[in-house]
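Indexing begins at 1, ligand by ligand and atom by atom, following the structure's order. Given the structure is predicted, the values throughout are model-derived calculations rather than measurements.
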Amino acid sequence: MPKYIFVVGGVMSGVGKGAACATVGRILQGFGYKVTAIKIDPYINVDAGTMNPVEHGEVFVTDDGDETDQDIGNYERFLDIDITSINYMTTGRVYQTVIEKERNLEYGGRTVEVVPHVPEEVIRRIKAAQRRVKADFVMIEIGGTVGEYQNILFLEALRLLRTERPKDVLVAMVSYLPIPSKTGEMKTKPTQHAVRTLNSAGIQADLIVARSEKPLDGPRRRKLSVFCNISEDDVISAPDVNSIYEIPVNFDNERIGEKILKKFGMRPRRKDLKRWRRLVSTIRSCSREVRIGIVGKYFSTGDFTLSDVYLSVIEALKHAGWQRRVRPVLEWINAEELESSPAAVRALAGYDGLLIPGGFGTRGIEGKIKAVRQARERGIPYLGLCYGMQLAVVEFARHVAGLKDANTVEADPQTEHPVIHIMPHQESVIREKRYGGSMRLGAYPCVLAERTRSRKLYGSDRISERHRHRYEVNNAYRERLREAGLVIAGTSPDGLLVEIVELKDHPFFVATQFHPEFKSRPLRPHPLFAGFVGAALRRRRG
Ligand code: GLN
């Protein structure tokens with residue numbers, strides 16, 4: 001019988017519920033069980049694709065083309081599996097299905113009600129995700145915190161599933177224990193309240209993950225046990241860590257996996273966290289550094305710098321660095337600043353590598369083009385991802401191929417030389433305002449040309465990578481760009497879409513229409529990121 005482990009949040013969000021969920025999954029996987037993970041977001045949005053990245057963070061794209069929450073990315077990285085659309089749920093998506101079913105008379109003329117039909121649809125999806133991969137364990141993270149109106153129907157699904165299969169469902173509450181600076185004492189009261197709130201939804205937590213700045217001590221553990229109806233043993237201490245990859249090691253030291261198995265009356269089939277522990281000791285011992293500049297525009301919210309939007313890019317750079325025992329030091333370069341400050345442009349030469357990630361719209365693009373030019377002319381290793389590839393093509397067209405006003409039509413629809421233009425079938429999509437879920441999305445095959453850097457790095461002539469874009473290289477300019485020296489290193493199998501461009505006689509200049517960052521895993525760094533970080537390291541050493 002498959003087991004379902006729900007992870008809910010107490011007190012406040014943003015304390016690592018997703019990482020805790022991924023971690024428990026990873027530990028159970030290490031015991032020799034098949035694990036999958038589901039994220040539930042309590043938004044009306046059908047997917048994350050239509051949300052402002054500054055508000056919501058990265059849009060993580062799956063192989064089957066879903067635009068999901070960044071937690072799905074964490075699951076893929078921790079569990080080293082490819083997750084598909086059925087594992088991502090939003091309120092909007094669930095309602096959409098229920099309403100469609102009603103329209104199709106699938107409820108056989110009955111009155112369709114919020115309860116039970118909405119929670120039933122949630123449970124149907126959870127079971128479908130389990131069946132798809134025949135998982136022994138399904139981790140289910142419910143977004144937000146208990147006590148919010150928004151996620152009550154998901155808690156209701158939990159309650160119903162637990163009533164149906166009491167022996168197969170566990171609930172872990174990830175809570176936060178603040179340490180007010182005035183008293184310096186760790187407080188359990190907010191967690192006690194959160195547990196009561198969960199109780200009022202008819203649910204008792206089986207485990208409490210006690211997130212805090214510091215490890216949990218004996219008195220606090222006892223308090224939580226007494227006031228939250230839970231044994232002391234079932235409170236997991238989860239202090240802050242430097243890297244999320246340390247969490248499986250910490251949780252394993254608390255024997256969370258063994259505790260869960262025992263509750264289900266199960267035994268480990270084997271135990272394997274060795275490679276993971278080795279990774280953590282590598283991360284802790286990396287002493288060398290490379291300095292990578294990331295040029296983007298989604299960094300600032302008020303007085304704070306936000307890097308969540310580029311989460312997978314950051315992780316991919318780290319994975320590649322750790323493999324070489326170096327720590328990538330990432331610096332955020334505001335593209336708009338490059339437009340007005342020649343000094344900022346000159347300072348780019350100080351980086352060991354420059355990366356331009358995906359992006360949309362007009363703001364900051366001339367700054368990004370300046371950064372590409374510096375990378376190209378000064379031999380700074382460059383990795384361009386999606387928009388970072390399109391703008392590299394624009395820069396090359398303008399300054400090497402002699403197409404002075406070349407541009408992407410995304411920025412200038414009237415440009416004389418539309419070297420990047422909209423994909424033909426996307427025109428009607430935009431005209432009819434069908435924005436949601438309508439980009440070129442998900443995994444597509446790509447063939448790599450011989451004697452290119454990409455081919456060498458991948459060690460293969462056919463790859464599959466994930467996409468999220470509406471624009472593409474305009475084939476009318478392909479020959480002209482090629483004659484000027486641009487290497488078309490990868491295309492779609494029919495040859496019609498340019499997927500990778502490179503420059504010869506440059507230490508490292510690779511730019512992709514796809515997003516390689518989504519497929520990097522901590523123990524399996526992505527070849528292009530590995531090549532890029534390697535080139536940055538060579539530059540550093542001079
Ligand atoms: N804005 C570009 C496009 O839609 C690039 C998208 C991206 O970088 N993800 O094609």
Side-chain angles (χ1 to χ4, degrees), residues 47-54 56-63 65-68 70 73 294-299 307-314 316 335 354-369 371-372 382-395 397 406-413 415 418-431 433-444 446 465-475 477 490-492 496-501 510-520 528:
D47 56 43
T50 50
M51 291 189 223
N52 181 345
V54 175
H56 176 266
E58 172 181 84
V59 177
F60 186 85
V61 180
T62 58
D63 259 347
D66 200 1
E67 298 173 280
T68 72
Q70 60 195 34
I294 300 179
V295 186
K297 72 165 178 180
Y298 297 119
F299 300 135
S307 53
D308 254 20
V309 181
Y310 305 109
L311 188 69
S312 294
V313 175
I314 297 170
L354 291 173
L355 186 150
I356 301 188
F360 293 86
T362 319
R363 186 159 63 86
I365 75 153
E366 288 304 322
K368 291 183 188 175
I369 290 171
V372 177
Y382 176 75
L383 184 60
L385 311 175
C386 206
Y387 218 11
M389 176 265 207
Q390 297 173 354
L391 296 174
V393 170
V394 170
E395 193 281 327
N407 214 332
T408 161
V409 300
E410 183 172 358
D412 178 7
T415 175
V419 288
I420 304 294
H421 69 166
I422 191 151
M423 289 187 276
H425 76 278
Q426 287 288 339
E427 272 173 1
S428 54
V429 170
I430 300 279
R431 212 178 317 113
K433 298 201 161 104
R434 287 188 284 116
Y435 298 118
S438 62
M439 285 188 239
R440 180 174 178 239
L441 288 169
Y444 285 90
C446 164
E465 291 281 4
R466 299 180 192 171
H467 298 250
R468 182 172 185 251
H469 63 115
R470 290 191 205 279
Y471 299 83
E472 60 161 338
V473 174
N474 184 345
N475 286 331
Y477 288 92
T491 63
S492 53
L496 290 178
L497 299 169
V498 173
E499 306 280 37
I500 311 178
V501 301
V510 177
T512 63
Q513 181 57 79
F514 49 80
H515 290 271
E517 68 270 26
F518 294 139
K519 289 187 68 166
S520 176
L528 294 185

> What's the shortest distance from atom 2 (C) of ligand 1 to any protein heavy atom, and which residue and atom give it?
Replying inline: E410 OE1, 3.2 Å
> Less than 4.5 Å apart, any side-chain heavy atom of V59 and any of D47?
Replying inline: no
>> Using a plain distance cutoff, I'd like to know if G359 has any nitrogen or oxygen under 3.5 Å from a nitrogen or oxygen of ligand 1.
In response: yes
> Closest non-hydrogen protein atom to atom 4 (O) of ligand 1, residue and atom name please, with distance?
Replying inline: R470 N, 3.0 Å
> Would you call T512 and E499 a side-chain contact if the rule is heavy atoms closer than 4.5 Å?
Replying inline: no
> Are any of the heavy atoms in H515 under 4.0 Å away from ligand 1?
Replying inline: yes
> Between R468 and ligand 1, does any nitrogen or oxygen pair lie at a separation below 3.5 Å?
Replying inline: yes
> Heavy-atom distance under 4.5 Å between the side chains of Q513 and V498, does that happen here?
Replying inline: no
>> Treating S312 as the side-chain partner and F518 as the backbone partner, does any N or O pair qualify as donor plus acceptor under 3.5 Å?
In response: no
>> One residue to check: Q390. Relative to ligand 1, which of side chain, backbone, both or neither has a non-hydrogen atom less than 4.0 Å away?
In response: side chain
> Would R468 and E67 pass as an ion pair if we require N to O under 4.0 Å?
Replying inline: yes
> Atoms of ligand 1 less than 4.0 Å from C386 heavy atoms?
Replying inline: 5 (C), 6 (C), 7 (C), 8 (O), 9 (N)
>> In the structure I gave you, are the side-chain heavy atoms of Y477 and P418 within less than 4.5 Å of one another anywhere?
In response: yes
